[in-house]
Protein chains: 2
Amino acid sequence: MYIEIDFDSEEAYYMQLRNRIIEGIATGRIIEGEALPSVRKMSEDIGINMHTVNKAYTLLKDEGFVKVDRRRGAVVSVDSDHILDINRLKKELNITIAGASCKGISRDELITIVDEILKEYGGEV
Amino acid sequence: MYIEIDFDSEEAYYMQLRNRIIEGIATGRIIEGEALPSVRKMSEDIGINMHTVNKAYTLLKDEGFVKVDRRRGAVVSVDSDHILDINRLKKELNITIAGASCKGISRDELITIVDEILKEYGGEV
DNA sequence: GCGGCTGTTATATATTCTATATAACAGCCG
DNA sequence: CGGCTGTTATATAGAATATATAACAGCCGC
């Protein structure tokens with residue numbers, strides 16, 4: 001589990017960690033059923049506080065990417081509530097696409113970018 | 001210019017205002033060349049502090065949605081640097097799509113959502 | 001020039017968020 | 001029991017957010 005935190009970034013550490021883990025799951029680098037390093041080990045590995053790691057894990061749990069097992073710790077387990085997921089996605093994409101539309105980015109360009117990103121993540125099983 | 005701030009939202013006021021204005025430009029409710037209400041008037045209209053409005057206007061200026069004219073105030077003037085815009089868009093979409101991919105949302109569903117949103121904003125001139 | 005309108009800047013204050021630190025607790029396993 | 005989980009509690013520091021009051025510089029119409 002190689003994760004790096006950019007200490008110069010303006011993005012919160014716990015958010016960076018959460019994002020790297022989601023990316024890891026999406027690329028298949030981290031797989032369903034795999035246990036994340038314990039909050040203490042992860043905090044040592046990447047050089048941030050234990051509570052900051054815990055905050056990221058708790059967020060991932062709340063967002064349905066991880067389940068907590070008393071013994072094994074935070075285990076990757078993606079919980080999909082399709083309708084809810086779709087609605088959240090719409091909200092997230094709304095402003096981004098509004099801005100892109102103002103800037104004159106075309107539908108084709110948008111789709112191209114989506115496909116580019118999906119090439120990284122959609123990785124056919 | 002009817003804009004409402006959700007005081008119960010966890011989203012920062014200045015960010016809400018910035019987003020409502022971008023949506024307004026995207027839908028055509030606010031048009032290129034139009035002056036936004038002065039920071040003082042806007043702050044009265046929507047019930048937040050003048051400095052918070054100023055922060056939103058300054059952000060919109062930095063993001064290239066608005067230019068400041070000494071007399072007329074903040075005037076809608078979208079500045080497009082296509083390559084830069086595309087790169088910013090990629091970054092913004094990256095995590096969102098990674099999460100969607102984890103949740104099993106298909107390419108078709110993604111495109112459908114993008115098109116739904118574009119129907120609001122892409123509004124053929 | 002004066003009054004009135006712009007955005008902008010300066011100070012100060014309160015609250016919340018982020019991050020760290022130290023410490024302890026409950027649960028489970030070998 | 002010792003060692004590993006996540007979790008909680010408390011305290012502290014700094015940054016971000018939001019408000020308040022006040023003032024400044026620039027430009028217009030009168």
Side-chain angles (χ1 to χ4, degrees), chain A residues 1 3-22 30 32-79 95, chain B residues 1 3-21 30 33-79 95:
Chain A
M1 176 90 40
I3 286 181
E4 275 189 16
I5 299 297
D6 177 2
F7 295 99
D8 295 326
S9 168
E10 52 187 23
E11 199 175 25
Y13 299 166
Y14 81 97
M15 209 48 152
Q16 287 189 50
L17 177 54
R18 172 254 192 199
N19 288 346
R20 294 302 86 74
I21 291 171
I22 290 178
I30 310 176
E32 189 96 11
E34 183 178 344
L36 299 178
S38 76
V39 287
R40 288 169 180 85
K41 174 143 198 329
M42 178 68 90
S43 93
E44 280 175 24
D45 287 352
I46 63 182
I48 63 176
N49 191 272
M50 186 194 77
H51 293 91
T52 308
V53 175
N54 189 252
K55 187 167 183 172
Y57 282 16
T58 301
L59 179 57
L60 286 165
K61 188 180 65 178
D62 292 343
E63 293 178 331
F65 291 101
V66 146
K67 276 192 173 52
V68 170
D69 181 293
R70 252 302 162 195
R71 290 205 291 315
R72 304 185 55 212
V75 177
V76 175
S77 163
V78 179
D79 173 50
I95 284 297
Chain B
M1 178 90 37
I3 286 180
E4 276 190 15
I5 298 297
D6 178 0
F7 295 100
D8 295 327
S9 169
E10 52 186 26
E11 200 175 26
Y13 297 168
Y14 82 96
M15 210 46 152
Q16 286 188 51
L17 177 55
R18 172 254 192 199
N19 288 344
R20 293 303 86 74
I21 291 172
I30 310 176
E34 184 178 344
L36 299 177
S38 76
V39 288
R40 289 169 179 83
K41 174 146 200 329
M42 178 67 90
S43 91
E44 280 175 22
D45 287 352
I46 63 182
I48 63 177
N49 191 272
M50 186 193 74
H51 293 91
T52 308
V53 174
N54 189 252
K55 186 165 185 174
Y57 282 16
T58 301
L59 180 57
L60 286 165
K61 187 180 65 179
D62 293 342
E63 293 177 331
F65 290 103
V66 146
K67 277 192 172 52
V68 169
D69 182 291
R70 251 305 160 192
R71 291 204 291 315
R72 304 184 57 213
V75 178
V76 175
S77 164
V78 179
D79 174 48
I95 284 297

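Here is the naming used below: chain letters follow the sequence lines, and residue numbers restart at 1 for every chain. Nothing here was measured: the structure is a model prediction, and the numbers come from that model.
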The criterion is side-chain contact (heavy atoms from CB on, under 4.5 Å); which residues satisfy it with Val76(B), sequence neighbours excluded? Ile25(B), Ile30(B), Leu36(B)
Please state how far atom CD1 in Ile48(B) lies from atom P in dA16(D), giving the value in whole angstrom units. 19 Å
What residues, two or more places apart in sequence or in another chain, satisfy side-chain contact (heavy atoms from CB on, under 4.5 Å) together with Asn49(B)? His51(B), Thr52(B)
Among residues 5-18 of chain B, which residues get a heavy atom nearer than 4.0 Å to DNA chain D? Ala12(B), Tyr13(B), Tyr14(B)
Using atom types as modelled, flag every donor-acceptor pair under 3.5 Å from a side chain in residues 54-61 of chain A to any protein atom, sequence neighbours excluded.
from: Tyr57(A); atom 1: OH; to: Pro37(A); atom 2: O; distance (Å): 2.6
from: Thr58(A); atom 1: OG1; to: Asn54(A); atom 2: O; distance (Å): 2.8

Taking five pairs at each end of the helix from dG1(C)-dC30(D) to dG30(C)-dC1(D), what angle separates the two helix axes (nearest 10°)? 20°
Any salt bridge (Lys or Arg N to Asp or Glu O under 4.0 Å) involving residues 9-21 of chain B? Give me the pairs, sequence neighbours left out, ordered by first then second residue. Arg18(B)-Glu63(B), Arg20(B)-Glu23(B)
Going by ring pair (Phe, Tyr, Trp, His ring centres under 6.0 Å), name the residues that satisfy it together with Tyr13(A), two or more places apart in sequence or in a different chain. Phe7(A)
With the criterion being N/O to N/O and under 3.5 Å, what pairs connect the protein with nucleotides 4-7 of chain C, and how long is each?
from: dT6(C); atom 1: OP1; to: Ser38(B); atom 2: OG; distance (Å): 3.1
from: dT6(C); atom 1: OP2; to: Ser38(B); atom 2: OG; distance (Å): 3.3
from: dT6(C); atom 1: O2; to: Arg70(B); atom 2: NH1; distance (Å): 3.3
from: dG7(C); atom 1: OP2; to: Val39(B); atom 2: N; distance (Å): 3.1
from: dG7(C); atom 1: N7; to: Arg40(B); atom 2: NH1; distance (Å): 3.0
from: dG7(C); atom 1: O6; to: Arg40(B); atom 2: NH2; distance (Å): 3.0

Could you tell me whether the phosphate oxygens of dA19(C), OP1 or OP2, come under 4.0 Å of any side-chain nitrogen or oxygen in Lys55(A)? no
Which heavy-atom pair separates Arg72(A) from Ala35(A) by the least distance, and what is that distance? O-CB, 3.7 Å
In short, Val78(A) meets Glu32(A) closest at the heavy-atom pair N-OE2, 3.1 Å
Do the side-chain N or O atoms of Asn49(A) get closer than 4.0 angstrom to the phosphate oxygens (OP1, OP2) of dA19(C)? no
Who passes side-chain contact (heavy atoms from CB on, under 4.5 Å) against Met50(A), sequence neighbours left out? Val39(A), Arg40(A), Ser43(A)
Strictly below 4.0 Å: does Thr52(A) bring a side-chain N or O up to OP1 or OP2 of dT18(C)? no
For Asp45(A), side-chain contact (heavy atoms from CB on, under 4.5 Å) partners two or more places apart: Lys41(A)
At a cut-off of 3.5 Å, list every protein nitrogen or oxygen paired with a nitrogen or oxygen from nucleotides 9-13 of chain D, distance to 0.1 Å.
from: dA9(D); atom 1: N6; to: His51(A); atom 2: NE2; distance (Å): 2.6

